[in-house]
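Just so it is clear, the model here is predicted, and its values are computed rather than measured. The chains referred to below are lettered A, B, ... by the order of the sequence lines, with proteins before strands, and numbering in each begins at 1.
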Amino acid sequence: MRSTTATAHGPAPNDPAHHGVTTPSVRVRFAPSPTGYLHVGSARTALFNWLYARSVGGVMVLRIEDTDENRNRPELTNAIFEYLSWLGIDYDEGPYYQSERKERHREAVQQLLNEGLAYLCDTDNNELAGTTMSAGKAVRFRTPSGITHIGDVVRGEVAVDHSQLGDFVIWRSDGSPTFVLANAVDDADMSITHAIRGEDLLSSAPRAVLLAEALGATPPVYAHLPLLVNEQRKKLAKRRDDVSLESYRKQGYLASAMANYLALLGWGPRDELEIRPMSEIIEQFRLEDVNKASAFFDVAKLQHFNGVYIRQLSSADLLEALVAHLQTSQVPWPPERFSLSVVADMVGLVQEKLRTLDDIVPQIDWLFCPDPITDEASWDKAVVRGKAAEEILAGAIAALANCSWDPDAVKETVFSVGEANGVNRSKAQAPVRVAVTGRSVGPPLFEPMVRHLTRQEVLRRLQTAHTRLTTETS
RNA sequence: GCCCCGUUCGUCUAGUGGCCUAGGACGCCAGAUUCUCAAUCUGGUAACACGGGUUCGAAUCCCGUACGGGGUGCCA
């Protein structure tokens, strides 16, 4: 019988005194299982591994844990590469594929079997004599009695009594290694010094430590990150929560904003400055500063970050991002009516209004659609119930037919029509805006309207609106 | 049930025994500005889960309670 009291404590490579000094001995890994598209929780784990590695000059390893062969699909693995790269998370080694290391895992199990540290069992969990692995026989680790102490950088020391562990399976009867076995063997073989992962894996850590020690290896230092949770404070799950990075990208979130936001879930810089370049986040990052409590993924705050990042873009970069985004989005206008130069002209007017790239669509659709898409709430508010709306529409139709077709002239013309009807500028533009754009909110009205629509088209839309109003209210 | 983990404004966090009448950010509310909406600026709202200790002094240390979460598979 063996009492295990070894801990996974190492030196303190992230000690502030050592900060900024290259510590080449640090090796971390991001080890996703490709069972679904990369989601924000996994991305956060990848990011924290990367931040730690980059902050101490360590090595980042990527290992694909594809041991569950029926659930793995190649496109899911490719999605992992794609989204890591999207977020700007690179790696120094790998990708290694756990599925290619099966013989090594078998060898490790055989070693434990030979040393009497594990035993064969049948599907009814009866211990079998012998040490020859074969189909139909699983292998269980012979858990010694004792207590294992996990020295967790985030949580401090966690002690688990082995009686809670049982003789756990390390090799399945179908001839495949289990998660803990593969994980422990790979971490050992790849000289991983720090295992930074989700808290949901905390309870499997003692098993991994026991296995590593049984195999004669030093277990890594663990750092279990607080879980990302939904409104109900439940662990974010792919099934019930919309959390795939893909969906955020499709909605028009920038990678830079997403990465910045993710870094702030479970950690905060000591100087409290939240929105900042990744290089500064790397400088500020301390693994031991990571929080213990789970964090809610707050889309409202993400939106704010995204808006800030969009506003920081140069017009050229924003235009590029918008055009790329529009090409992969559902859009209400016929493609042949789309004009790149019009979008380019609109960028400066709408940049400060966008929180996501998707927000551009309702800002510009009226310039490309044959008819404006009328929002009924806007119509009701600004036209049906708008003060002197009928008079303003009629007055605008008359006045705009002759005035100079110039933004300032048109603007002043509309305002004078309003004034003549006892209505201020705000109220005067409202019915015109809804008639021309379909909505009561949008970009500054007069410049794009005059520059990109003809006088004839504007008059037609005003006339259509006026006709509808007088018809419906008579 | 059992084991483990957690608990500072609605949310993300700062805080590592005195600098805390608890700071920042998002949200929300109000005002300024404005052709709408935003953006911007100004102001405001709002928290140390509870109860005991320890200490001259506790959000910070200890114990208990409550609540929440994770795990409890031949899933990862």
Quickly work out the [X] [atom1] to [N] [atom2] distance and round it to whole Å.
X      : N     : atom1 : atom2 : value
A:L202 : B:A76 : CG    : P     : 19 Å
A:L210 : B:C3  : CG    : P     : 19 Å
A:E231 : B:G27 : CD    : C1'   : 15 Å
A:K234 : B:G6  : NZ    : P     : 19 Å

Partner nucleotide, any strand, of [N] [Watson-Crick/G-U, under 3.5 Å]:
N     : result
B:C35 : none
B:U16 : none
B:U21 : none
B:U72 : B:G1
B:C26 : B:G10
B:A59 : none
B:C50 : B:G64

Base, sugar-phosphate alone, or nothing: which one does [X] contact when heavy atoms must sit under 4.0 Å apart?
X      : value
A:L201 : base
A:N230 : nothing
A:R311 : sugar-phosphate
A:T123 : base

Check if the side chain of [X] and the base of [N] share a donor-acceptor pair of N or O atoms closer than 3.5 Å.
X      : N     : answer
A:K411 : B:C35 : no
A:R433 : B:C35 : yes
A:S173 : B:C74 : yes

Query raised in the report: Angle class for the A:F297/A:Y261 ring planes (parallel below 30°, perpendicular above 60°, tilted otherwise)?
Result: perpendicular

Query raised in the report: How are the rings of A:Y253 and A:Y248 set relative to one another: parallel (under 30°), tilted (30 to 60°) or perpendicular (over 60°)?
Result: perpendicular

Whole-Å [atom1] distance, [N] and [M]:
N     : M     : atom1 : answer
B:C19 : B:C28 : P     : 33 Å
B:A46 : B:G23 : P     : 12 Å
B:C56 : B:C67 : P     : 35 Å
B:U8  : B:A25 : C1'   : 15 Å
B:C26 : B:U60 : C1'   : 26 Å
B:C29 : B:G68 : P     : 31 Å
B:G52 : B:C5  : P     : 26 Å

Query raised in the report: How would you list, by chain and number, every residue that makes a side-chain contact (heavy atoms from CB on, under 4.5 Å) with A:A293, sequence neighbours excluded?
Result: none

Requested in this report: List in chain and number order the residues that pass side-chain contact (heavy atoms from CB on, under 4.5 Å) with A:Q110, two or more places apart in sequence or in another chain; answer none if no residue qualifies.
Outcome: A:L113, A:N114, A:T131, A:M133

Is there any protein nitrogen or oxygen under 3.5 Å from a nitrogen or oxygen in nucleotides 58-62 of chain B, and what are the pairs?
none

Query - Test: A:E283 and A:R276 ion pair at under 4.0 Å - result: no

Query - Under-4.0 Å salt bridge between A:R385 and A:D380 - result: yes

Query raised in the report: Taking the six-membered ring where the residue is Trp, are the ring centres of A:H224 and A:Y222 under 6.0 Å apart?
Result: yes

Query - Ring-ring centroid check A:W267 A:F48, cutoff 6.0 Å - result: no

**Report entry** salt bridge (charged side-chain N to carboxylate O under 4.0 Å, His left out) between A:R142 and A:E127, worked out
**Finding:** CA-CA 11 Å; A:R142 197 183 300 281; A:E127 180 167 351; 3.2 Å; yes

Query raised in the report: Contacts to RNA chain B from residues 419-432 of chain A, heavy-atom cutoff under 4.0 Å, which residues?
Result: A:R425, A:S426, A:Q429

[X] side chain, from C-beta outward: closest of [options]:
X      : options             : answer
A:E352 : B:A39, B:G70, B:A76 : B:A39
A:K235 : B:C35, B:G71, B:C5  : B:G71
A:K353 : B:G69, B:C35, B:C37 : B:C37
A:F446 : B:C74, B:G69, B:C35 : B:C35

Report summary line: In 5'-to-3' order, the base (B), backbone-only (S) or no-contact (-) status of each nucleotide in nucleotides 9-17 of chain B, using a 4.0 angstrom heavy-atom cut-off, is --SBSBSB-

Query raised in the report: Can any side-chain N or O of A:D152 pair as donor or acceptor with the backbone N or O of A:G156 at less than 3.5 Å?
Result: no

Query raised in the report: Judged by atom type as modelled, is there a donor-acceptor pair below 3.5 Å linking the side chain of A:H304 to the main-chain atoms of A:A300?
Result: no

Please report, to 0.1 Å, the donor-acceptor pairs under 3.5 Å made by any side chain of residues 429-452 of chain A, with sequence neighbours excluded.
{"residue": "A:Q429", "atom": "OE1", "partner": "A:R433", "partner atom": "NE", "Å": "2.8"}
{"residue": "A:Q429", "atom": "OE1", "partner": "A:R433", "partner atom": "NH2", "Å": "3.4"}
{"residue": "A:Q429", "atom": "NE2", "partner": "A:S426", "partner atom": "O", "Å": "3.1"}
{"residue": "A:R433", "atom": "NH1", "partner": "A:P443", "partner atom": "O", "Å": "2.8"}
{"residue": "A:R433", "atom": "NH2", "partner": "A:P443", "partner atom": "O", "Å": "3.2"}
{"residue": "A:T437", "atom": "OG1", "partner": "A:R433", "partner atom": "O", "Å": "2.8"}
{"residue": "A:T437", "atom": "OG1", "partner": "A:R439", "partner atom": "N", "Å": "3.2"}
{"residue": "A:T437", "atom": "OG1", "partner": "A:R439", "partner atom": "O", "Å": "3.1"}
{"residue": "A:R439", "atom": "NH1", "partner": "A:P362", "partner atom": "O", "Å": "3.1"}
{"residue": "A:R439", "atom": "NH1", "partner": "A:D365", "partner atom": "OD1", "Å": "3.1"}
{"residue": "A:R439", "atom": "NH1", "partner": "A:D365", "partner atom": "OD2", "Å": "3.4"}
{"residue": "A:R439", "atom": "NH2", "partner": "A:D365", "partner atom": "OD2", "Å": "2.7"}
{"residue": "A:S440", "atom": "OG", "partner": "A:S378", "partner atom": "OG", "Å": "3.2"}
{"residue": "A:R451", "atom": "NE", "partner": "A:D345", "partner atom": "OD2", "Å": "3.1"}
{"residue": "A:R451", "atom": "NH2", "partner": "A:D345", "partner atom": "OD2", "Å": "3.2"}
{"residue": "A:H452", "atom": "NE2", "partner": "A:D345", "partner atom": "OD2", "Å": "2.6"}

Query raised in the report: Around A:K387, counting heavy atoms of other residues, nucleotides and ligands shown, do more than 12 lie under 6.0 Å from its NZ?
Result: no

